[in-house]
Protein chains: 4
Amino acid sequence: MSKKQDIMAATLDLIHEEGLQAVTFSKIFKRANVGSGTIYNYFANKEEIVNAVYKEARMHLGEYLVQGFTPEASLYERFKRLQLNRLQFGIDFPKEFLFIDSFSFSPYISHELRNMDDGDNSREVVLSVIVEGQKQGIFREMESHLSHQLIHGIISSILKGYYVQKYPLDEIQIQQVLESSWKALLV
Amino acid sequence: MSKKQDIMAATLDLIHEEGLQAVTFSKIFKRANVGSGTIYNYFANKEEIVNAVYKEARMHLGEYLVQGFTPEASLYERFKRLQLNRLQFGIDFPKEFLFIDSFSFSPYISHELRNMDDGDNSREVVLSVIVEGQKQGIFREMESHLSHQLIHGIISSILKGYYVQKYPLDEIQIQQVLESSWKALLV
Amino acid sequence: MSKKQDIMAATLDLIHEEGLQAVTFSKIFKRANVGSGTIYNYFANKEEIVNAVYKEARMHLGEYLVQGFTPEASLYERFKRLQLNRLQFGIDFPKEFLFIDSFSFSPYISHELRNMDDGDNSREVVLSVIVEGQKQGIFREMESHLSHQLIHGIISSILKGYYVQKYPLDEIQIQQVLESSWKALLV
Amino acid sequence: MSKKQDIMAATLDLIHEEGLQAVTFSKIFKRANVGSGTIYNYFANKEEIVNAVYKEARMHLGEYLVQGFTPEASLYERFKRLQLNRLQFGIDFPKEFLFIDSFSFSPYISHELRNMDDGDNSREVVLSVIVEGQKQGIFREMESHLSHQLIHGIISSILKGYYVQKYPLDEIQIQQVLESSWKALLV
DNA sequence: GATGAATGAGCTTTCATTCAT
DNA sequence: CATGAATGAAAGCTCATTCAT
């Protein structure tokens, strides 16, 4: 792994463990096993590192969200695939997920970055499924961003409860969550 | 207002505007209009201030959640009251709400504080409504904490989208959100 | 005891326990059980307190040194009386003694205060004994201040060893020390 | 000279000039011509600097004390050599000497450090000379630490008087002092 | 006189950043 | 490229001093 990758990985780890406000350069380069000067070969300052980590995490999430998504599948199948992918990403990559979640509404992340297109155009995919469901009279008529935010919020919230071990997230709970989020949109 | 209140209010404002990592003592006592030493008459260090602000916000939320809640009302009425109160709190007190939301899963907040009882026993009230609905066969059988987290997450997420002006939150959207969160729990 | 006495006693205690550099006003008025403002009714600043404590200790020592001194006694008796008094003062008032010893050569004590006349003119008494002994051919001819410093130093040093419990100071050791200091001056 | 040495030298100078309680980091790094952060590359806090300076001074003294000491010389010669070395050290290195003297009985210096072995085993050398003299019936029977403290105290005290210019310390006075300290131990 | 909350100058300490190696 | 000793601006914090009560 390159030094740059080492630095970014160390940064993500530290943010996860101690929170951004506690992450110092000193901690980063100790954890990453690089000299203090080395960081400046790759990043001009701390904000740049955090933004780069954020960008990478968003790319990763974007790719993950549309995995196994087939436009030919039924609306229900496509909806559940998207929700499952998001949930599975959170289960498999808790550090990335929490980091994205916390910083998406933080003043620390630049505006452009917050509104970046995911690696794949996953947001559009989700929105189009919602709009299609509404057109078919299956989903209630609502501002599509409201619907999007709603089902996204269910997944986020469930994951956070899982992270602090309020409950397990096995196959059965996962199906319940997916089903609930589907129901939440129905007319 | 007492100096202590001034300090806590200034801290909450600054966290909201710039994020915790950007809040310095210098900014706090300038904003609060107190001498630098004054802070140490009330708080031993920055962490103590933040914890105190968190505690106060949680108390405020706790009281707010059970406002107008009448055990005699129908399950539907009681459910909607609780969800509406949470949503309304977020609309009326965005700084408090966002602060609680961000820090509830942050390493910065001590474990005991995270699990503190709200001023009122609001959490138990919500859980009991969920359990009652399940007993009556209205709500799907699920781990009650999962259900709780789910409907809580819907409100949080909707509020965050509202804060960044993805959509308005007028009477009509509010009713849609409440309805969706009710649907999400149905069998 | 008056507030002023309380403050001075607390200061001496604290200097003895922690050293001057660790003594703060806060510690002084907590120990003395007075309000922080009260100190300023008696002393303009910390240096004044320390100087006052020093002065008082020197007065105390001065009185003690000439106790039981009778000009009619033999040279040997008078010499031993003076040396014994100094030693006994150190044994009975370790805090005062150590404080005087440390600060007599410290930049903290003002020059006039260092050279103050003791309450009684004890220094002159000691010097006159030395000069008399030299005139009688009993003591070696030496600069009298050198002799004075020499026998004073023996007592100081012995006391410091005693304070850190290198050895006991009972009647037998005391007599040995007095005898040694007498011998040190002989021709 | 290394930065570390610069810092320690500046600290010793400042303690000598103004006393420990007046020594601030700001003064140290101005005097030592280093950046404020540099100090923390070598010492965790001020106490560590002072302890390091103390240790170094003690090592220096320890080496100095046994210079030119030859076990084959007569008891008298050996005794005078040790006393002369101590006196000469004080004359040549007044800052080191005074610092050691003040702090050897101060609460600021850690217990282990106070009882450290000097660079050379100078303390044992002095004690063995004392014990040998007592065995030969030349020195009076006394607790050896008492004797040690006594002759050590003579030198210290004489030096302090010299530092404040009570008297000169030329060859003649030096011989008188050495002779006196020898006499002080005789039967 | 006595008090102690409030103050801010000045201290200690941290940490992002530089630069010679 | 990689390093880490050195830096100093800015942060956290202490504490002598003031002043309204």
Side-chain angles (χ1 to χ4, degrees), chain A residues 2-4 6-7 11 14 21-30 32-50, chain B residues 2-4 6-7 21-30 32-50, chain C residues 2-4 6-7 11 14 21-30 32-50, chain D residues 2-4 6-7 21-30 32-50:
Chain A
S2 75
K3 298 267 170 191
K4 186 173 181 177
D6 290 343
I7 291 164
T11 303
L14 286 165
Q21 88 294 334
V23 176
T24 65
F25 268 50
S26 161
K27 286 176 183 170
I28 292 174
F29 59 68
K30 264 168 204 144
N33 269 313
V34 299
S36 59
T38 304
I39 287 181
Y40 293 91
N41 292 328
Y42 301 106
F43 304 99
N45 51 48
K46 191 157 75 171
E47 196 166 349
E48 264 193 21
I49 305 181
V50 174
Chain B
S2 76
K3 298 272 169 188
K4 188 174 179 179
D6 290 344
I7 292 165
Q21 88 294 336
V23 176
T24 65
F25 269 48
S26 159
K27 286 175 183 169
I28 291 175
F29 58 69
K30 267 169 202 146
N33 268 311
V34 298
S36 61
T38 304
I39 288 182
Y40 294 90
N41 292 332
Y42 301 106
F43 305 99
N45 51 50
K46 194 156 74 172
E47 193 165 351
E48 263 193 23
I49 306 182
V50 175
Chain C
S2 76
K3 299 265 170 193
K4 187 173 179 179
D6 290 344
I7 291 164
T11 303
L14 287 164
Q21 88 294 336
V23 176
T24 66
F25 269 50
S26 162
K27 285 176 183 171
I28 291 175
F29 58 70
K30 265 169 203 143
N33 268 313
V34 299
S36 60
T38 304
I39 287 181
Y40 293 90
N41 291 329
Y42 301 106
F43 304 100
N45 51 50
K46 191 157 75 173
E47 195 166 348
E48 264 193 21
I49 305 181
V50 175
Chain D
S2 78
K3 298 272 169 188
K4 189 174 179 179
D6 290 344
I7 291 164
Q21 88 293 335
V23 176
T24 65
F25 270 50
S26 160
K27 286 175 183 169
I28 293 174
F29 57 69
K30 266 168 202 144
N33 268 312
V34 299
S36 61
T38 303
I39 288 181
Y40 294 90
N41 291 333
Y42 300 105
F43 306 100
N45 50 50
K46 194 157 70 175
E47 195 166 349
E48 263 193 22
I49 305 181
V50 175

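Chain letters run A, B, ... following the sequence lines, proteins first, then strands; residues in each count from 1. Just the heavy atoms: all of them, side chains too, but no hydrogens, waters or symmetry mates, feed the values below.
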Please name the pair of heavy atoms, one in F43(B) and one in E48(B), separated by the smallest distance, quoted to 0.1 Å. CA-OE1, 3.4 Å
On a heavy-atom basis, which atom in K3(D) and which in V34(D) lie closest, and how many Å separate them? CD-CG1, 3.5 Å
Does the side chain of I7(B) come within less than 4.5 Å of I49(B)'s, by heavy atoms? yes
Identify, with sequence neighbours excluded, every residue that meets salt bridge (Lys or Arg N to Asp or Glu O under 4.0 Å) alongside K27(B). E18(B)
For T38(D) and dT7(F), is the shortest distance between a side-chain N/O and OP1 or OP2 below 4.0 Å? yes
Roughly how far apart are T24(B) OG1 and K46(B) NZ, rounded to 0.5 Å? 6.5 Å
With heavy atoms under 4.0 Å as the rule, sort Y42(C) into base, sugar-phosphate or nothing. sugar-phosphate
Nearest nucleotide by nearest heavy atom, which residue falls closer to the 5' end of DNA chain F, N41(A) or S36(C)? N41(A)
Does the pair L14(A) and I28(A) meet the rule for a side chain to side chain contact (heavy atoms under 4.5 Å, CB included), with working shown? CA-CA 7 Å; L14(A) 286 165; I28(A) 292 174; 4.0 Å; yes
Could you work out, with side chain to side chain donor-acceptor pair (under 3.5 Å) as the rule, every residue matching S26(C), not counting sequence neighbours? K30(C)
Using a cut-off of less than 4.0 Å, is there contact between a side-chain N or O of K46(C) and OP1 or OP2 of dC15(F)? no
Nearest heavy-atom neighbours spanning F29(D) and G35(D): CB-O, 4.2 Å
Distance check, rounded to the nearest 0.5 Å: D6(B) atom CG versus T38(B) atom OG1? 10.0 Å
Nearest heavy atom decides the nucleotide; on that basis, is I39(B) or F29(D) closer to the 5' end of DNA chain E? I39(B)
Going 5' to 3' along DNA chain E, which nucleotides are the first and last within contact of chain D (any atom under 4.0 Å from a heavy atom)? dC11(E) to dC15(E)
What parts of residues 21-28 of chain B reach DNA chain E, counting only heavy atoms under 4.0 Å away? none
Could you tell me which residues satisfy ring-ring contact (aromatic ring centres under 6.0 Å, His included) with F25(B), sequence neighbours excluded, listed by chain and number? Y40(B)
Classify Y40(C) by what it touches in the nucleic acid, base, sugar-phosphate, or nothing, heavy-atom distance under 4.0 Å. base
Applying a 3.5 angstrom cut-off to the pairing atoms, does DNA chain F sit in any stems of at least three consecutive Watson-Crick or G-U pairs? List them by first number. E:2-21 with F:2-21
Would you kindly give the CG-to-C1' distance between D6(D) and dT7(F), to the nearest whole Å? 15 Å
Can you work out whether G35(D) or G35(A) has the more 5'-proximal nearest nucleotide on DNA chain F? G35(A)
